[in-house]
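Structure first, then comments.
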Amino acid sequence: MKKLSLLLTLLSTAAFAQATPHFDPARLSHHVEILASDAYEGRGPATAAEPKVIDYIVSQFKAAGLQPGGDLKGGTRLWTQDVPLLRASIVGTPTLGITSNGTAMPLTQGEQIAVRAALTGEKHVSLKDVPLVFVGYGTSAPERKWDDFKGVDVRGKILVGLINDPDFETGQGDFGGKAMTYYGRWTYKYEEAARRGAAGVLIVHETAPASYGWATVKNSNANVQFDIVRAEPKKAHTPFETWIQRDLAVKLFADSGLDFEAAKKAAQARDFTPMPLEATLSADYAVDAGTIVSHNIVGRLAGAQHPDETIVYSAHWDHLGVGQPDAKGDRIYNGAVDNADGISVLIETARAFAAAPRPDRSVLFLAVTAEEKGLLGSEYYAANPLYPLATTVGMLNTDALSTAGPAHDFTISGNAKLGLLDDLIAEGAKQGRTFTPDPQSEAGHFYRSDHFPLAKRGVPAISIGSGEDLVEGGKAAGKADSEAYVRDKYHQPADEWTPAWNAKGQAVDAELMFALGQRLANSREWPNWSADSEFRGARDATAAARKP
């Protein structure tokens, strides 16, 4: 009987291994052609285009054989999950100023400072002579025995902090060298300040550690802001979130008898303690805040043996909508690569899973909204999961695959140390492909894709990307194609579908992602983060919910 059982197990495993389909490049390209057409008006959330997007993706999920996996209403699952979003903008010109060592300095929005509209729900922000304190990198990382606050009470104060991690300049130390951790992201610094009851944050902009120039900061922050609707928004945001130019920071430190570079050097050591500055900040402006509702689109294939355990495939359906015209007068930001091709892969992966033998675990296909507004659709799902995060095996996200054809390699967004990556590398080897780490790990790409909101809650999650070592043309051609896309098309109306695309590479990438998901869906594996990961603690805290 044992031999028979073993034989059946091997046959079952072999059947699943043989079930990896060949994805049709023409089908993948066709979905992109439709979703990135002018008829979809750039797929802006909560616009007239959104119902069109929902109808198309739901129709494809239905045709594939999925079941609705969204909100439960009246005992019935829907195809969507409501995503209420807070929309906030500063009314008029904000009054901003710093008094440094007794001298008042008015500040101009977008020049020395870039202030975000408050995402705390306030209709008016008024700060008067609030003291400033330098908190280094503003980091509290118990697993690294690192605490920039040292017990100092910063409630009601404005925190001045540095971007990136303490290791960025030296390339070595407690935070893994050049590779950015989540502690280096501006989002973390805002969150930590809110947890400590600060009145606000001034992040000092420097181009190298930020990985982008001041223009990006100005355009991103002085624009309309969005966030998920939170029961207690002040636990995630302070009323005053902003960046300042480095030159202003240098002056503030000098006025306080401090050298900015010396203070930054001190902040790179574990024994750093906060430094009060001889400066205060005042601000006064109105905020136009309201709520809109967008939607995540959710299809599900229930597992045959363990339906309460879930593998998630995701991609964002939104793009920038209709905006400022380019030199040709085109105002529609079609988002073909970013990210109609990710949705195309999601649809075809759903079709492949539904056509294969039913997996042991459930597979969820999640098309999220408002990625371009700050990963908000995935953040909302992570904060309000339709299926428990404790028993979510892993998340495989797709965003902006290459249109240049197959590559010998593949990659992921940013750096991650986890078993899920090991599994991906193993499946890639079966394709004869190798893994290439993100060449710009210091840019923090890991924290800029839709896998991240689940990752920071402990769920093993990655965004899988195309490689640059092209089968036809090699590394030089792949790099040139990638750079040309970023330069000429990324977040521009020119990101349009064309029949000249070589979608064969996208098909091979889709096959790799299918193989990884199938491996997880038919195993008892529970991938985890490395022992020194900032996300390991959150995952381990839910270990009791997972069956071996």
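Since the structure is predicted, the reported quantities are computational estimates derived from the model, not experimental observations.
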Could you check whether any side-chain heavy atom of [X] comes within less than 4.5 Å of a side-chain heavy atom of [Y], counting everything from C-beta outward?
X: Leu28; Y: Val345; answer: yes
X: Met513; Y: Thr349; answer: no
X: His451; Y: Asp399; answer: no
X: Leu376; Y: Val83; answer: no
X: Tyr490; Y: Val337; answer: no
X: Asp338; Y: His319; answer: yes
X: Leu159; Y: Val133; answer: yes
X: Phe272; Y: Thr139; answer: no

[X] [atom1] to [Y] [atom2] distance, which is reported to the nearest 0.5 Å:
X: His295; Y: Ile54; atom1: NE2; atom2: CD1; answer: 5.5 Å
X: Glu206; Y: Ser211; atom1: CD; atom2: OG; answer: 13.0 Å
X: Arg539; Y: Leu389; atom1: CZ; atom2: CG; answer: 8.5 Å
X: Leu424; Y: Leu396; atom1: CG; atom2: CG; answer: 8.0 Å
X: His237; Y: Leu86; atom1: NE2; atom2: CG; answer: 8.0 Å
X: Thr207; Y: Ile163; atom1: OG1; atom2: CD1; answer: 11.5 Å

query = Does the pair Lys264 and Val204 meet the rule for a side-chain contact (heavy atoms from CB on, under 4.5 Å), with working shown?
reply = CA-CA 11 Å; Lys264 182 165 64 172; Val204 180; over 6 Å; no
Lys234 atom NZ, neighbour heavy-atom count above 12 within 6.0 Å = no
Heavy atoms from other residues, nucleotides or ligands near NZ of Lys265 exceed 12 (cutoff 6.0 Å) =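 No, not enclosed.
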Considering all heavy atoms of both residues, which atom of [X] and which atom of [Y] are nearest to each other, and what is their separation?
X: Arg300; Y: Ser362; value: NH2-OG, 3.2 Å
X: Pro209; Y: Asn164; value: O-ND2, 2.8 Å
X: Ala266; Y: Met275; value: CB-CE, 4.1 Å
X: Ala46; Y: Glu50; value: N-OE1, 2.6 Å
X: Leu132; Y: Leu202; value: CD2-CD1, 3.8 Å
X: Pro453; Y: Ser378; value: CG-OG, 3.4 Å

message = As a test of understanding, state which of Phe452, Phe175, Phe446 forms a ring pair (Phe, Tyr, Trp, His ring centres under 6.0 Å) with Tyr182.
response =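 Looking at Phe452, Phe175, Phe446, the match for Tyr182 under the ring pair (Phe, Tyr, Trp, His ring centres under 6.0 Å) is Phe452.
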query = Excluding sequence neighbours, so at least two apart, what forms side chain to side chain donor-acceptor pair (under 3.5 Å) with Thr403?
reply =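 So Thr403 forms no side chain to side chain donor-acceptor pair (under 3.5 Å) with any residue.
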ask   = Of all residues at least two apart in sequence or in a different chain, which pass the side chain to side chain donor-acceptor pair (under 3.5 Å) check with Gln431?
value = Arg433
inquiry  = Is there a salt bridge (Lys or Arg N to Asp or Glu O under 4.0 Å) between Glu309 and Arg524? Walk through the geometry before answering.
reply    = CA-CA 10 Å; Glu309 300 173 2; Arg524 297 308 304 145; 2.7 Å; yes
Would the distance check show the side chain of [X] and the main-chain N or O of [Y] forming a donor-acceptor pair, the cut-off being under 3.5 Å?
X: Arg361; Y: Leu520; value: yes
X: Asp308; Y: Thr391; value: no
X: Tyr387; Y: Val312; value: no
X: Asn522; Y: Asp360; value: yes

inquiry  = Using 30° and 60° as the class boundaries, would you call the ring planes of Trp214 and His205 parallel, tilted or perpendicular?
reply    = perpendicular
task = Indicate the ring-plane relationship of Phe365 and Tyr313, choosing parallel, tilted or perpendicular according to the 30° and 60° boundaries.
result =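 Taking Tyr313 first and then Phe365, their aromatic rings lie parallel (interplane angle under 30°).
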ask   = In a check of salt bridge (charged side-chain N to carboxylate O under 4.0 Å, His left out) between Glu191 and each of Lys235, Lys456, Arg196, Arg185, which one passes?
value =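 It is Lys456, the one option of Lys235, Lys456, Arg196, Arg185 that forms the salt bridge (charged side-chain N to carboxylate O under 4.0 Å, His left out) with Glu191.
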message = Once ring-ring contact (aromatic ring centres under 6.0 Å, His included) is applied, do any residues pair with Tyr190, and if so which ones, sequence neighbours excluded?
response =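 Counting only residues at least two positions away or on another chain, Tyr190 forms a ring-ring contact (aromatic ring centres under 6.0 Å, His included) with Trp186.
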key: Phe226: partners by ring-ring contact (aromatic ring centres under 6.0 Å, His included), with sequence neighbours left out   =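 Phe226 satisfies ring-ring contact (aromatic ring centres under 6.0 Å, His included) with no residue once adjacent residues are dropped.
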ask   = Could you walk me through whether Asp509 and Ser466 pass the side chain to side chain donor-acceptor pair (under 3.5 Å) check?
value = CA-CA 7 Å; Asp509 291 339; Ser466 306; 2.6 Å; yes
query = Are Arg87 and Lys373 close enough, and set up right, to give a side-chain contact (heavy atoms from CB on, under 4.5 Å), and what steps lead you there?
reply = CA-CA 10 Å; Arg87 181 186 186 279; Lys373 306 300 184 185; over 6 Å; no
Do [X] and [Y] get their side chains close enough for a donor-acceptor pair, meaning under 3.5 Å?
X: Asn339; Y: Glu371; result: no
X: Asp165; Y: Thr181; result: yes
X: Trp526; Y: Asn528; result: no

query = Would Glu379 and Arg457 satisfy salt bridge (Lys or Arg N to Asp or Glu O under 4.0 Å), going step by step from the backbone distance to the final call?
reply = CA-CA 10 Å; Glu379 174 66 23; Arg457 290 168 172 85; 2.7 Å; yes
task = Go through Phe23 and Ser344 one step at a time and tell me if the side-chain contact (heavy atoms from CB on, under 4.5 Å) criterion holds.
result = CA-CA 11 Å; Phe23 283 63; Ser344 176; over 6 Å; no
Please list every donor-acceptor pair under 3.5 Å in which a side-chain atom of residues 411-420 meets a protein atom from a residue at least two apart or in another chain.
from, atom 1, to, atom 2, distance (Å)
Thr411, OG1, Thr436, O, 2.7
Lys417, NZ, Asp532, OD1, 3.3
Lys417, NZ, Asp532, OD2, 2.7

task = Measure from the ring center of Tyr188 to the ring center of Tyr137 and say whether it is less than 6.0 Å.
result = no
From CA spacing to verdict: side-chain contact (heavy atoms from CB on, under 4.5 Å), Phe535, Val459 = CA-CA 8 Å; Phe535 314 121; Val459 178; over 6 Å; no
query = When you look at Asn397 and His316, which way does the side chain to side chain donor-acceptor pair (under 3.5 Å) test go after all the steps?
reply = CA-CA 9 Å; Asn397 186 61; His316 73 89; over 6 Å; no
ask   = Charged N to carboxylate O below 4.0 Å: is that the case for Arg519 and Glu427?
value =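 Result for this pair is yes, salt bridge flagged.
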request  = Using a strict 4.0 Å threshold on nitrogen-to-oxygen distance, state whether Lys189 and Glu192 make a salt bridge.
outcome  =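 Judged by the 4.0 Å cut-off on N to carboxylate O distance, Lys189 and Glu192 do not form a salt bridge.
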Set of side-chain contact (heavy atoms from CB on, under 4.5 Å) partners for Asp71, sequence neighbours left out =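 Result, side-chain contact (heavy atoms from CB on, under 4.5 Å) vs Asp71: Lys73, Leu78, Gln81, Asp82, Leu386.
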